[in-house]
Structures are given as structure tokens and as C-alpha cells.
Amino acid sequence: MEFKTIGTIGAGAPARAVAAHAARAGHPVLVSNSRGPSTLGDAVAAIGPGASATTFEEAVADLVLLTVPFGAVPAVGRRLGD
């Protein structure tokens with residue numbers, strides 16, 4: 001089975017929960033937030049092996065989980081572009 005990479009844009013409780021399940025299933029998980037990878041140490045540790053901190057742009061993967069406040073969605077779209 002090929003393990004697809006999963007990216008999260010947002011690193012709150014919903015993203016951590018889904019990412020932890022994905023990592024336990026063997027999927028590489030790329031975690032990002034608006035403050036940058038250096039602020040994600042606790043989130044990556046909580047998710048476990050297979051998770052790594054990335055930028056927004058690096059988190060664009062085979063599957064992307066967008067877990068930001070609804071009002072932030074347009075800004076994420078502008079930041080990522082097409």
C-alpha cells in the first residue's frame with residue numbers, strides 16, 4: 001500500500017486529532033500554521049512519529065486538511081494562490 005502524505009493547514013485540536021490517526025496508520029503528516037514551523041514543536045510531538053512541522057506552502061500534499069477559523073479561509077487562499 002502506498003502511503004499518501006497528509007498536510008494540515010492549522011494545528012489546533014481538530015488537525016492534531018486527524019493527523020495523529022493518519023500518522024499511526026503510516027501516513028507522513030506535514031503540519032503547518034500561520035506562525036511558522038518553529039512554533040509547532042508541541043503539536044508535532046503530540047501527533048507522534050511521522051509528523052513534521054512545515055510552512056503553509058510545504059503542507060500542500062496529496063490530501064490537505066484545512067482547519068482554520070472560517071473567517072481565515074480567504075486569507076489562506078490568497079497565501080497559497082492557485
Item checked: Check: His27 side chain, Ala22 main-chain N or O, donor-acceptor pair, under 3.5 Å -> no
Only pairs under 3.5 Å count here: list side-chain donor-acceptor contacts from residues 36-51, not counting sequence neighbours, and write none if there are none.
unit_1	atom_1	unit_2	atom_2	d
Thr39	OG1	Asn33	OD1	3.4
Thr39	OG1	Asn33	ND2	3.0
Thr39	OG1	Gly36	O	2.8

Notebook entry, point to check: Side chains of Val68 and Val73: closer than 4.5 Å at any heavy-atom pair?
Noted result: yes
Notebook entry, point to check: Any side-chain heavy-atom pair from Leu66 and Thr8 closer than 4.5 angstrom?
Noted result: no
Note to self: Determine whether a donor-acceptor pair (N or O, by modelled atom type, separation under 3.5 Å) exists between the side chain of Arg16 and the backbone of Ala11.
What the structure shows: yes
Notebook entry, point to check: Ile6 pairs by side-chain contact (heavy atoms from CB on, under 4.5 Å) with which of Leu63, Val31, Asp62, Val18?
Noted result: Leu63
Margin query: My understanding is that only residues two or more places apart in sequence, or in another chain, count here; which of them pass side-chain contact (heavy atoms from CB on, under 4.5 Å) with Thr54?
Written below: Leu30, Ser32, Ser52, Glu58, Ala59
